[in-house]
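Beneath this line is the structure, given in structure tokens, with notes to follow.
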Amino acid sequence: MVDWASLLQSLANGILIAGLYAAVTLGLTLVLGVMGIVNFAHGELIMLGAYSSFWLFTLLGIDPLLSLALSGVLLFFIGTGIYRFTIWPIMKDPPLNQLLLTLGLSIFFQNLAMILWKTDSRTIITSYSGMSLDLGIIHFGLTRMITFLISVVLTVLLVVFLSKTKPGRAMQAVSENNTASWLIGINVEKTYLLAFGVAAALAGAAGALVSTVMYTFPMVGFKLSLKAFCILVIGGLGNIPGTLFGSLILGITESFVGTYIPEGSGWAEGISFVLLIVILIIKPTGLAGTRRE
Amino acid sequence: MLELKWIDVYYGNIQALWDVSLSVKEGEVIVIVGSNGAGKSTILRTISGMNKIKKGSIEFGGQRIDLLRADEIVRLGVSMVPEGRELFPRLSVRENLELGAAYIDRAYSRRTETLQWIYSLFPILHERGSQLAGTLSGGEQQMVAIGRALMSRPRLLMFDEPSLGLAPLMVDEVFKTVTKVSQEGVTILLVEQNVRQSLKMAHRAYVLENGRMVTKQSIDVDPEKCILCGECVEICPVSAIDMTVNGQPENPGRDLGRRVSRKSQ
């Protein structure tokens, strides 16, 4: 006999966490799609966003859901600085150099965070942290629900930005063909700068969300970026619908593994690697996408 | 209108152009001919700002442009139809065309009118408006590339090997288009391996070999004479280099005398 309540509950939890995963992965998708760079330091930008949210809450008492915008703006400037001083000089070099550079940045920021803030796991307890919403047979933690809704808003904002605004459409053009973009009068270098900044801002906002539902510690970004790479591979590299699809698959799978496999909550953390390996073997172009040229 | 003076261009440490000079006047059709790897495309890429010069200067309309970025040069009115067409394959034909004007203010305000003009030049693009550019045939893609460049309302339009990889009928079509565009008052700088056809429409030509101009001045070539008569083999620099005629690589300089003499026997 199927226990429908626990099935639905598990599905709902999966969908809620998928929202956060999508917010975590969108910036990675944007940088990969527009610049063709796999940004290994994306997780560390999220970590910085989580810490900025944590400190704004701890020191100034600003609620994480309000400081989200501040984290976003702060990370936008950190992101453009990182691009201008480290990535821009090697944009014309082989992709391997860019990969190694972002990996180096990732290690640098992890260690910087350990020096500055120690390795303690920190949490934010807000007035609404323990509250939950009851919808008949299933119920949600309020914080998870809010992070999910904000993730949806961030995704919609990004899609609108990319399809309706001039700089957003320039990013799409550059992701399709950067030679042609120069030739139609787009400043491709400025577009890269902006794309990296927007991706970092998304990471900052995602980091603020992370600080409300998870522990904040120096390796939190690394942990999340491994999941984000899994999502990228599931969804096909560098496209937004694929990222959303991949987030759902990963979120729901983790949730089901946690519910239905004995001792599952431990296994759930590792399921992303199983998915990653299986998909790379059976369908390396991603379940949803096609390979980028 | 356009003046290149003694430019040197490098790809990394490898020099691609030596002391190249050329000038294009308003309303002209100028052709640069030369074999594969002679540096023809490099000249166009350099004018459009995609490559930088090490020495010399490039002026357009009396203003030095060699230090400007590619997007700034397009805004001044220099557009290029690049080799391999470089479309946005996953956008529709119409979106490709509209993007041509989207980032250039003076073109953006006239985009509807320009689009109508392009549809009148290439009615097929109107029919295919909503089709993805990547799914068109080579010739149609070339039309989109030309249309997109025209959307920027260029004063100088450069073509990099527009006939490359097209069927002979399409090649004729493309050359007819170039003539039409020229008649609309746009100055043309054309790079081609298809010497015979491109010289037919050109006012003047430059010959490039191994990154150097063969002659310091442009030449006024009569293509019929140059390739068919054999009289000018000794003096005509065009015949001194490898070229492609009707898709077949030919070396008139080497073969022409023999072929002509066989004909006359």
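In the text below, chain A, chain B and the rest are named by the order of the sequence lines, each starting its count at 1.
Atom CH2 of Trp88(A) has 12 or fewer neighbouring heavy atoms from other residues, nucleotides or ligands inside a 6.0 Å radius. Environment of OH in Tyr119(B): crowded, with over 12 heavy atoms of neighbouring residues, nucleotides or ligands closer than 6.0 Å. Around the NZ atom of Lys190(A), the shell of radius 6.0 Å holds no more than 12 heavy atoms that belong to other residues, nucleotides or ligands. Summarising the local packing, OH of Tyr108(B) is surrounded by 12 or fewer heavy atoms from other residues, nucleotides or ligands at distances under 6.0 Å. In this structure, Lys92(A) places its NZ atom where only 12 or fewer heavy-atom neighbours from other residues, nucleotides or ligands lie under 6.0 Å away.
Residue Ser152(B): no heavy atom, backbone or side chain, is found under 4.5 Å from chain A. Contact annotation for Arg148(B): only side-chain heavy atoms (C-beta onward) come within less than 4.5 Å of a heavy atom of chain A. For chain A, the nearby part of Leu87(B) is the backbone; its heavy atoms alone come within less than 4.5 Å. Residue contact with chain A, scored on non-hydrogen atoms closer than 4.5 Å, involves the backbone and the side chain of Met80(B) alike.
Here the CG-CZ distance, from Asn187(A) to Arg75(B), works out to 7.5 Å after rounding to the nearest 0.5 Å. From Asn177(A), atom CG reaches atom CZ of Arg90(B) across 10.5 Å, with rounding to the nearest 0.5 Å. The OG atom of Ser181(A) sits 10.5 Å away from the CG atom of Asp71(B) when rounded to the nearest 0.5 Å.
Closest approach of Trp182(A) to Ala70(B), counting heavy atoms only: CE3-CB, 3.7 Å. The two residues Leu99(B) and Ile184(A) make their nearest non-hydrogen contact at O-CD1, 3.5 Å. In terms of heavy atoms, Pro82(B) sits closest to Leu183(A) at CG-CD1, 3.5 Å.
The shortest distance between side-chain heavy atoms of Phe88(B) and Gln172(A) does not fall below 4.5 Å.
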